[in-house]
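The structure appears below as structure tokens.
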Amino acid sequence: MSLVAVGTVAFDNIETPFGRAERVVGGACTYIALAASYFVQPVRIVSVVGGDFPVDMLDFLKSRGADLDGLQVRPNEKSFFWSGKYYRDLNTRDTLDTQLNVLADFDPVLPEPYQHAEFLMLGNLTPQVQLRVLEQLKRRPKLITMDTMNFWMDTAMSDLLEVLKKIDVLTINDEEARQLSGELSLVKAARVILEMGPKYLVIKKGEHGALLFSEDELFYAPALPLPEVTDPTGAGDTFAGGFMGWLAKTGDTSMENMRRAIIYGSAMASFCVEKFSVERLQELSPELIQKRIQQFADLVHFKL
Ligand code: AMP
């Protein structure tokens, strides 16, 4: 089934306790599309880049079956740029710089085939752009998932609340869930957020895994304990790509299958953090992914 992915395609500067990477490829949509491409093709991309974005990365996305008809290229402008620094606890990071550049006045235009998307991933981006995408759909997708972050809660809360009314699944991290709901307990936060519109809420807790809430069910997936974590950037987006990729591949949006999708998302995120930027996501195979899924199953298996 078709998957449309909306989000940034960007440059990042990253500093972690294990090193630095300057002007490397990043962006929510890049991570989502690469992760999802191991499950479903084409992933139809909606984004914007400047003339500075490397052609070989666009070619690589195409080689992974991405459809770039919805990617606008503005030759005389600069791509979105983000810079972040992680500390010893890799769950906490500071944003050092955000330069919207081409994103400042981005107006997404959905080519015809995109307007019939069956699965839609609204990656982290201006809520106004997320709304513009929703307006152009010819029919309601089977499932709409949305990611966002504190930056948009601080700068565009009313638009964000509008988008929340129109989606099925929201994926955010624990701090963002607390900020959005005003509740410290994640269980209470989930109740408040589910009242805002989404039917499901995924709370990502970095190296502590992810929680899936529906009105009456709760599922927990651990993160795989890894010997080495190099760069957590994009883990959340990669999670979303694996989650939506699995759902789009199977076409099944039952709670039972969403539990499975959470594990696929977690497995893809566990690869993402092993190297800087999108490096690790460029070298995976279905066999490697399946092996890792098995590690997750073994990790939580026990007999009652
Ligand atoms: P994650 O680590 O999953 O939160 O995603 C990190 C990616 O999000 C980086 O590659 C950035 O380019 C991108 N990013 C950072 N800030 C923003 C923002 N305000 N809006 C959209 N994308 C962003």
Side-chain angles (χ1 to χ4, degrees), residues 7-8 10-28 30-32 34-35 80-99 123-124 147-155 171-181 183-187 189-190 201-212 220-243 262-263 265-284 288 292 295-296 298-300:
T8 42
F11 284 119
D12 293 340
N13 273 11
I14 300 156
E15 194 180 328
T16 81
F18 311 104
R20 292 163 167 269
E22 297 214 342
R23 271 185 86 72
V24 287
V25 168
T30 319
Y31 285 103
I32 293 166
L34 285 176
F80 177 82
F81 171 79
W82 175 79
S83 168
K85 179 173 176 167
Y86 297 83
Y87 300 90
R88 277 166 59 125
D89 166 10
L90 290 169
N91 281 340
T92 354
R93 75 176 174 206
D94 281 341
T95 289
L96 303 180
D97 196 6
T98 300
Q99 294 172 18
N124 183 18
D147 187 21
T148 190
M149 73 187 294
N150 50 359
F151 185 80
W152 304 118
M153 292 175 200
D154 295 336
T155 60
T171 65
I172 45 179
N173 70 30
D174 40 3
E175 273 321 301
E176 290 156 354
R178 290 190 174 104
Q179 180 170 347
L180 184 60
S181 64
E183 292 285 353
L184 288 181
S185 145
L186 292 182
V187 175
L201 171 68
V202 177
I203 299 184
K204 301 168 285 181
K205 291 163 60 66
E207 63 175 336
H208 304 300
L211 293 160
L212 168 66
Y220 169 69
L224 193 68
L226 295 165
E228 268 169 58
V229 174
T230 305
D231 171 20
T233 308
D237 309 309
T238 304
F239 171 91
F243 174 78
I262 293 277
I263 300 290
S266 305
M268 296 308 287
S270 76
F271 284 119
C272 170
V273 302
E274 289 178 333
K275 292 191 178 175
F276 275 106
S277 179
V278 292
E279 236 178 282
R280 191 71 175 114
L281 296 183
Q282 293 183 264
E283 55 189 30
L284 299 179
L288 277 174
R292 197 148 281 196
Q295 281 178 275
F296 271 84
D298 294 343
L299 182 67
V300 292

(Q) Quick one, Met268 and Leu284 - any side-chain contact, counting heavy atoms below 4.5 Å? (A) yes
(Q) Which heavy atom of Thr30 sits nearest to which heavy atom of Ala10, and what is that distance? (A) OG1-N, 4.2 Å
Q. Please walk me through it: do Phe276 and Asp12 pass side chain to side chain contact (heavy atoms under 4.5 Å, CB included)?
A. CA-CA 10 Å; Phe276 275 106; Asp12 293 340; over 6 Å; no
Q. Between Leu34 and Val278, which heavy-atom pair has the shortest distance, and what is it?
A. CD1-CB, 3.7 Å
**Q.** Of Trp82, Phe80, Phe81, Phe11, the residue whose pairing with Gln99 passes side chain to side chain contact (heavy atoms under 4.5 Å, CB included)
**A.** Phe81
Q: Check the pair Ile172 / Leu201 against side chain to side chain contact (heavy atoms under 4.5 Å, CB included), numbers first and verdict last.
A: CA-CA 8 Å; Ile172 45 179; Leu201 171 68; 4.0 Å; yes
Q: Could you tell me whether a side-chain N or O of Ser181 sits under 3.5 Å from a main-chain N or O of Glu183, the two making a donor and an acceptor?
A: yes
(Q) Between Trp152 and Asn124, is there a side-chain heavy-atom distance shorter than 4.5 Å? (A) yes
Q) Got a donor-acceptor contact below 3.5 angstrom from the Asp231 side chain to the Ser277 backbone? A) yes
(Q) For the CG atom of Leu212 and the OG1 atom of Thr171, what is their distance to the nearest 0.5 Å? (A) 11.0 Å
Q) Side chains of Leu299 and Pro225: does their closest heavy-atom pair fall under 4.5 Å? A) yes
Q. Any side-chain heavy atom of Asn91 within less than 4.5 Å of one from Pro232?
A. no
Q | Point-to-point distance, once rounded to the nearest 0.5 Å, from CZ of Arg280 to CD of Glu274 | A | 5.0 Å
Q. Does any non-hydrogen side-chain atom of Tyr87 lie less than 4.5 Å from one of Pro17?
A. no
Q. Is the backbone N or O of Leu184 less than 3.5 Å from a side-chain atom of Arg178, with the two atoms forming a donor-acceptor pair by type?
A. yes
Q: Measure the shortest side-chain to side-chain distance between Leu180 and Met153 over non-hydrogen atoms and say whether it is less than 4.5 angstrom.
A: yes
Q) Do you know which two heavy atoms are closest between Ile263 and Ala221, and how far apart they sit? A) CD1-CB, 3.7 Å
(Q) I need the minimum non-hydrogen distance between Ala210 and Val202, along with the two atoms involved. (A) CB-CG1, 4.4 Å
Q. Does atom NZ of Lys275 have more than 12 heavy-atom neighbours, drawn from other residues, nucleotides or ligands, at distances under 6.0 Å?
A. yes
Q.
Are the side chains of Glu207 and Val229 in contact, using a 4.5 Å heavy-atom criterion?
A. no
Q) Among Asn150, Asp174, Asp154, which residue meets the side-chain hydrogen bond (donor to acceptor under 3.5 Å, both in side chains) test with Gln179? A) Asp154
Q: Search all heavy atoms of Phe296 against all heavy atoms of Ala267 and return the closest pair with its distance.
A: CE1-CA, 3.6 Å
Q.
Let me confirm one number: the CD-OG1 distance from Glu279 to Thr230, rounded to the nearest 0.5 Å.
A. 9.0 Å
Q.
Does atom CD (Glu283) have a neighbourhood of more than 12 heavy atoms from anything else shown, all under 6.0 Å?
A. yes
(Q) Would Ile262 and Tyr220 count as a side chain to side chain contact (heavy atoms under 4.5 Å, CB included) here? Give the steps. (A) CA-CA 9 Å; Ile262 293 277; Tyr220 169 69; over 6 Å; no
Q. Between atom CG of Asn13 and atom CD of Glu22, what is the distance when rounded to the nearest 0.5 Å?
A. 5.0 Å
Q: State the CG-CD1 distance between Asp147 and Ile32, to the nearest 0.5 angstrom.
A: 6.5 Å
Q | From Ser83 atom OG to Asp97 atom CG, the distance as rounded to the nearest 0.5 Å | A | 6.0 Å
Q.
For the residue pair Tyr31 / Thr233, report whether a side-chain donor-acceptor contact shorter than 3.5 Å exists.
A. no
Q | Nearest heavy-atom neighbours spanning Ala177 and Leu186 | A | CB-CD2, 4.3 Å
